[in-house]
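Single-structure report; data block below.
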Amino acid sequence: MTAAMLDEKARPHSALDTVETRREGQIYEAMQLDENRFNLWSTIGIQFSVTAAPLGIVGYTTLITGVGGSPFYFWGFLVAIVGQILIAVSLAELSSAYPHSSGQIYWTAILSPHRYARFLSYLNGAMTTFGWVFASSGTAVFAADFFAAFGQLVSDTYEPTSWQIFLLVIAALTVAFILNTLLIKAVPNLTSFMVVFLNIAALFICITLLAVVHPKASPKTAFIDVVNTTGWSSDGLVFFLGLLPGMMTVCLFDTAAHMADELPHPEREVPIVMLANAVLSSTGGLVMVLCLIFCTTHPERLVQPLAGMPILQICWDAWSSKGFVIVVCLIYWAMTLNGLISIITGCSRVIWSFAQAGGLPFKDLLSEVNGRFQTPLNAVLASCMACAIFSLLCFAPLTVLNGLFGASVVCFTTSYTIPTCLVLANRRNLPSNRYFNIGAAGPVVNFVAICWMAISALFVCFPQHMPVTLDTMNWAPVIFFLVLFISLANWFRVKATYCCPRGLLRDPSN
């Protein structure tokens, strides 16, 4: 199916018809946001900020302890980034062919058989929305955790409680809301600066650790000696369980796609951002992984790390300087807060575009654009409120909160797999003049990416330790199936009115 096939008969009319127009038999939606708000560099900043791979990878150093150890941490990361880059390439080609702020929701609609387009587009929208909300909630909790960790470092008597963490989550979300509404003009400059800052900060930590750690781990310990204390008898299965760091730090490829309304040439800029970020994140993350496997002197201490943060324990073990550890903590707090700001930007655009299509309640409210700031203010507020609600899981056991991240991986994987499968079957229908075209390699890249996503979704649902208890249970599949049930139930509410997203009508002068 091509864009020309999405005519008026494909879906009911909506309140948005007042901003739609016809051109050559196709229906388009007029641009509603500031299409010159972001440029190539600032969008790379937003995409990079949501994961900040060179620093974010450290959050998974607990996998060194028992789940394969340093060898699986390193080799698993290599395998994961190859698979993740194939996903990025597949989605970059789609974003070049069909730039749209709803991203994979629109790609699914335009590539699906006419009979199934509305349902598949809706299902993709539901998975994308939940994935972004879950990822945003987890990031908000991380930002609160690092601020609480700072309090523990500067005070020997301070011990954070769950309600204090929740209040810090609300404070972080308030900052994110203000910067995405009242101070939206400052966001492009902020994200551009943070690309440089985060990479310099990662380099600072790497150089410091390499300089002060003596003796370092041997190459045999770093690359060969597998440590399996998970209870699983198969080292091969444990290797796949160790793929999670790479999957979680080189991800969220659709971030730039949801900025399509705010870029002058999204058909060119979005795929460049996707690929540039994938390469930048993979390279920076790999450098940090190499540093960690040689500089983690006491991996057994990561089970109960300093102030609850593995990176702080690694830095303290390397150099028992309170000043150094405090600086590292502040770097990570700035990283997570900036990541929250950027991820709320992406989440709000997903909610806004999905609401326009009628996939969410309060359609008119959530699809409204504030004329003064040219931003979906209500969608930003809804994103922050949803994050605050799911952040209440900070009162639950840590395994439940971790399950939120696992569920987000499954949601995103589902939302990426659907259009990738469709484009594999419909490559001949892609516009031949697209900016990014992988040509004859396309079917192979798409097929391997689909296989990789299936593996990712499967193993992210496995418990890391056996036997399974309430303390070691993986809540990701439970949360995902609950999300799937809610999504399917909501379909019966909206199926009569849900409308597939329509193409963007851009200013021909741009």
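Keep in mind that the numbers below use all heavy atoms, side chains included, and drop hydrogens, waters and symmetry copies.
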Would you mind writing out the side-chain donor-acceptor pairs for residues 279-286 within the sub-3.5 Å range, not counting sequence neighbours?
from: Ser281; atom 1: OG; to: Asn277; atom 2: O; distance (Å): 2.9
from: Ser282; atom 1: OG; to: Ala278; atom 2: O; distance (Å): 2.6
from: Thr283; atom 1: OG1; to: Val279; atom 2: O; distance (Å): 2.8

Inset, instruction - Apply the ring pair (Phe, Tyr, Trp, His ring centres under 6.0 Å) test between Trp333 and each candidate in Phe146, Phe147, Phe142; give the one that qualifies. - result: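 Testing Trp333 for a ring pair (Phe, Tyr, Trp, His ring centres under 6.0 Å) against Phe146, Phe147, Phe142 leaves exactly one candidate, Phe147.
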Specify the closest pair of heavy atoms between [X] and [Y], including all atoms of both residues, with the distance to one decimal.
{"X": "Ala388", "Y": "Ile170", "answer": "CB-CD1, 3.7 Å"}
{"X": "Pro419", "Y": "Thr108", "answer": "CD-OG1, 3.7 Å"}
{"X": "Cys295", "Y": "Lys216", "answer": "SG-CE, 4.3 Å"}
{"X": "Ser391", "Y": "Ser137", "answer": "OG-O, 3.8 Å"}
{"X": "Leu393", "Y": "Val400", "answer": "CD2-CG1, 3.9 Å"}

Measuring from atom [atom1] of [X] to atom [atom2] of [Y], what distance do you get when rounded to the nearest 0.5 angstrom?
{"X": "Phe77", "Y": "Met288", "atom1": "CZ", "atom2": "CE", "answer": "10.5 Å"}
{"X": "Leu392", "Y": "Ser162", "atom1": "CG", "atom2": "OG", "answer": "11.0 Å"}
{"X": "Phe390", "Y": "Ile479", "atom1": "CZ", "atom2": "CD1", "answer": "8.5 Å"}
{"X": "Leu91", "Y": "Tyr416", "atom1": "CG", "atom2": "OH", "answer": "6.5 Å"}
{"X": "Thr43", "Y": "Leu40", "atom1": "OG1", "atom2": "CG", "answer": "7.0 Å"}
{"X": "Cys384", "Y": "Ile389", "atom1": "SG", "atom2": "CD1", "answer": "11.5 Å"}

Inset, instruction - Answer yes or no: does atom CZ of Phe436 have more than 12 heavy-atom neighbours from other residues, nucleotides or ligands under 6.0 Å? - result: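 Result for CZ/Phe436: enclosed.
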Inset, instruction - Using a cut-off of 6.0 Å, state whether more than 12 heavy atoms not belonging to Met385 lie near its atom CE. - result: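 Not buried by this count: 12 neighbours or fewer within 6.0 Å.
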Would you please name every residue forming a side chain to side chain contact (heavy atoms under 4.5 Å, CB included) with [X], sequence neighbours left out?
{"X": "Met473", "value": "Val468, Trp475, Val478"}
{"X": "Ala382", "value": "Leu366"}
{"X": "Val154", "value": "Phe150, Ile326"}

Legend entry - Residues that Asp225 engages under salt bridge (Lys or Arg N to Asp or Glu O under 4.0 Å), provided they are two or more places apart: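 Checked Asp225 against salt bridge (Lys or Arg N to Asp or Glu O under 4.0 Å); matches are Lys220.
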Inset, instruction - For Arg37, check salt bridge (Lys or Arg N to Asp or Glu O under 4.0 Å) against everything at least two apart and list the hits. - result: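 Arg37 satisfies salt bridge (Lys or Arg N to Asp or Glu O under 4.0 Å) with Glu262 once adjacent residues are dropped.
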Check: [Y] main-chain N/O paired with [X] side-chain donor or acceptor under 3.5 Å:
{"X": "Thr255", "Y": "Leu252", "value": "yes"}
{"X": "Gln47", "Y": "Val273", "value": "no"}
{"X": "Asn474", "Y": "Gln464", "value": "no"}
{"X": "Thr413", "Y": "Met453", "value": "no"}
{"X": "Trp75", "Y": "Phe223", "value": "yes"}
{"X": "His100", "Y": "Ser102", "value": "yes"}
{"X": "Tyr73", "Y": "Gly242", "value": "no"}
{"X": "His465", "Y": "Thr472", "value": "no"}
{"X": "Ser348", "Y": "Ile344", "value": "yes"}
{"X": "Ser342", "Y": "Gly339", "value": "no"}

Legend entry - is_close_aromatic(Trp107, Tyr98), centroid dist under 6.0 Å: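 Ring-ring flag for Trp107/Tyr98: false, centres at least 6.0 Å apart.
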Note, [X] side chain near [Y] side chain (heavy atom, < 4.5 Å):
{"X": "Leu306", "Y": "Leu153", "result": "yes"}
{"X": "Leu179", "Y": "Ile184", "result": "no"}
{"X": "Trp452", "Y": "Leu86", "result": "no"}
{"X": "Gln84", "Y": "Cys251", "result": "yes"}
{"X": "Pro54", "Y": "Val287", "result": "no"}
{"X": "Arg349", "Y": "Pro376", "result": "yes"}
{"X": "Leu244", "Y": "Phe405", "result": "no"}
{"X": "Tyr435", "Y": "His265", "result": "no"}

Legend entry - Glu93: partners by side chain to side chain donor-acceptor pair (under 3.5 Å), with sequence neighbours left out: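 Testing Glu93 for side chain to side chain donor-acceptor pair (under 3.5 Å), a comparison that skips the adjacent residues, returns Arg427, Arg434.
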Legend entry - Pairing residues for Asn39 by the side chain to side chain donor-acceptor pair (under 3.5 Å) criterion, not counting sequence neighbours: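 Listed in chain order: Ser42.
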No-hydrogen, no-angle side-chain donor-acceptor test under 3.5 Å, [X] and [Y]:
{"X": "Asn446", "Y": "Thr420", "result": "no"}
{"X": "Ser234", "Y": "Trp232", "result": "no"}
{"X": "Thr417", "Y": "Thr414", "result": "no"}

Inset, instruction - Report the C-alpha separation of Phe38 and Val187 in whole Å, then their side-chain angles, then the decisive distance to 0.1 Å, and conclude whether the side chain to side chain contact (heavy atoms under 4.5 Å, CB included) test is met. - result: CA-CA 9 Å; Phe38 296 106; Val187 171; 4.1 Å; yes
Inset, instruction - Would you mind listing every salt bridge (Lys or Arg N to Asp or Glu O under 4.0 Å) that reaches into residues 302-328, with sequence neighbours excluded? - result: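 Qualifying pairs, neighbours excluded: Asp156-Lys322, Arg301-Asp317.
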Inset, instruction - Report the C-alpha distance between Leu302 and Ile314 in whole Å, list the side-chain angles of each, state the deciding distance to 0.1 Å, and finish with yes or no for side chain to side chain contact (heavy atoms under 4.5 Å, CB included). - result: CA-CA 8 Å; Leu302 300 181; Ile314 292 172; 3.8 Å; yes
Inset, instruction - Start with the C-alpha distance between Val410 and Cys461, add both sets of side-chain angles, then the distance that settles side chain to side chain contact (heavy atoms under 4.5 Å, CB included), and finish with yes or no. - result: CA-CA 8 Å; Val410 181; Cys461 294; 3.9 Å; yes
Quick one: side chains of residues 126-133, donor-acceptor pairs under 3.5 Å with protein atoms, not counting sequence neighbours, listed by atom name and distance.
from: Thr128; atom 1: OG1; to: Gln104; atom 2: NE2; distance (Å): 3.4
from: Thr128; atom 1: OG1; to: Asn124; atom 2: O; distance (Å): 2.8
from: Thr128; atom 1: OG1; to: Asn124; atom 2: OD1; distance (Å): 3.0
from: Thr129; atom 1: OG1; to: Gly125; atom 2: O; distance (Å): 2.8
from: Trp132; atom 1: NE1; to: Asp254; atom 2: OD2; distance (Å): 2.9

Legend entry - Test ring-ring contact (aromatic ring centres under 6.0 Å, His included) applied to Phe177 - qualifying residues, sequence neighbours left out: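 In terms of ring-ring contact (aromatic ring centres under 6.0 Å, His included), with neighbours along the sequence ignored, Phe177 is linked to no residue.
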Name the atoms and distances for all side-chain donor-acceptor pairs under 3.5 Å in residues 193-213, with sequence neighbours left out.
from: Asn199; atom 1: ND2; to: Val195; atom 2: O; distance (Å): 2.7
from: Thr208; atom 1: OG1; to: Phe204; atom 2: O; distance (Å): 2.7

